[in-house]
Amino acid sequence: MSEKHLAGKVALITGASRGIGAAIAKRFAAEGAKVVVNYARSEKEANAVVAGITAAGGSAIAVKADVGKPQEIPGLFTATIKAFGKLDILVNNAAIMQRTFLTEVTAESIDAHFGVNVRGYLLCAKHAAELMTSGGSIINVGSAISRMAYPGAVVYTATKGAIDVMTRVLAAELGPKGIRANVLAPGSTRTDMNSEKSGKTKEEEQQEIALTALRRIGEPEDIVGAAVFLASDEARWVTGAWIDVSGGIRL
Ligand code: NAP
């Protein structure tokens, strides 16, 4: 039997009801972690992720909390400790992306993006760091977009740039406690956030494929191997890093 890379660990993944977060939750459980599947709205989907993990012999619970609402964040961590007794891995993954050109930017759209994608990440990291001991791993899901100039995504890109710099500060602050912090940066990945549902056209998809060295759009499952690595003790000497998981977009 092959080794399970996350055996004995407890992982909390924000925004794990759908897309990349759901794929990470399922794979972490298959790698032996006990998993907290956070969601804000998609209860049915979160319960389906948990049911799939449980049916495969893993351990998981679903916990509702909107990470854009600071008052809902502490309960997420209380529920984690109540169910599993500790926390080893936090994946800050829940984020929002509205397509916004500068002419359409409003104070409300800036606050909404930063409230989930930056404040939510930081407050979750704060709670996690209080609970973690040496060996803890914080994975902030950023985006390859922070190293591009992508028209129509100025606010979202600003949040992802903030994640890049704040992760390096977290790595420096938490390193002495033995806690690591890294950015996992997907490229164009087929999820609700990045599909016709979010206003993406077939033409834009073709342009992104042409800009990607491996010549296709990523699937959520393409992202999870790097997440397992960053969460595991195999990455014990990796902190403050920015890992590109984009198939080589705009190299
Ligand atoms: P998605 O398909 O839109 O899924 C987003 C997930 O986050 C859902 O489970 C959603 O749950 C949850 N969520 C949203 N707002 C939340 C909140 N306030 N509190 C708690 N959960 C919340 O997105 P995705 O494409 O999988 O993206 C996941 C991460 O990858 C994000 O950080 C995104 O920026 C990043 N990323 C994505 C791409 C891409 O091409 N897809 C590329 C680069 C980076 P509910 O439905 O329950 O609200």
Side-chain angles (χ1 to χ4, degrees), residues 12-27 35-50 62-73 75-77 79 90-99 111-121 123-124 138-148 150 152-153 155-164 167 183-200 204-205 207-209 211-212 216-224 226-227 242-247 249-250:
L12 162 55
I13 298 120
T14 67
S17 53
R18 298 182 281 113
I20 292 169
I24 292 175
K26 288 178 205 162
R27 179 67 189 280
V35 172
V36 178
V37 173
N38 160 249
Y39 68 99
R41 288 160 290 268
S42 305
E43 184 175 17
K44 208 173 87 192
E45 289 84 348
N47 286 337
V49 172
V50 169
V63 180
K64 179 177 162 74
D66 182 338
V67 296
K69 296 182 177 160
Q71 67 276 19
E72 295 191 15
I73 291 176
L76 184 52
F77 291 86
L90 167 69
V91 184
N92 268 322
N93 167 79
I96 57 169
M97 199 276 283
Q98 287 152 12
R99 292 159 68 86
D111 288 349
H113 280 85
F114 275 83
V116 177
N117 303 12
V118 176
R119 187 181 61 202
Y121 274 41
L123 291 178
C124 285
I138 297 173
I139 300 171
N140 288 331
V141 179
S143 172
I145 209 169
S146 70
R147 300 196 175 180
M148 299 176 194
Y150 199 96
V155 182
Y156 174 76
T157 305
T159 67
K160 293 297 180 179
I163 288 166
D164 293 355
T167 303
V183 176
L184 180 73
S188 187
T189 312
R190 203 180 310 279
T191 66
D192 293 344
M193 182 185 279
N194 186 38
S195 65
E196 281 169 7
K197 267 190 184 176
S198 61
K200 182 149 195 174
E204 286 168 329
E205 188 172 293
Q207 284 166 1
E208 282 173 5
I209 291 170
L211 289 168
T212 301
R216 64 175 174 82
I217 297 291
E219 300 296 333
E221 292 70 25
D222 291 322
I223 312 301
V224 299
W242 192 90
I243 309 286
D244 183 298
V245 196
S246 72
I249 197 163
R250 289 202 192 175

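In each ligand, atom 1 is the first atom listed, and ligand 1 is the first ligand listed.
- At a heavy-atom cutoff of 4.0 Å, ligand 1 is surrounded by G15, A16, S17, R18, G19, I20, N38, Y39, A40, R41, S42, A65, D66, V67, G68, N93, A94, A95, I96, V116, Y121, V141, G142, S143, Y156, K160, P186, G187, S188, T189, T191, D192, M193, N194.
- Of all heavy-atom pairs between G15 and N93, the closest is O-ND2, 2.9 Å.
- For D111, the side chain to side chain donor-acceptor pair (under 3.5 Å) test picks out no residue, with sequence neighbours left out.
- In this view, D192 and R18, K197 satisfy the side chain to side chain contact (heavy atoms under 4.5 Å, CB included) rule, not counting sequence neighbours.
- Remark: the N194 side chain and the K200 side chain contain an N/O donor-acceptor pair separated by less than 3.5 Å.
- Within a 6.0 Å sphere centred on CD of E196, other residues, nucleotides and ligands contribute 12 heavy atoms or fewer.
- With sequence neighbours left out, E43 forms a salt bridge (charged side-chain N to carboxylate O under 4.0 Å, His left out) with no residue at all.
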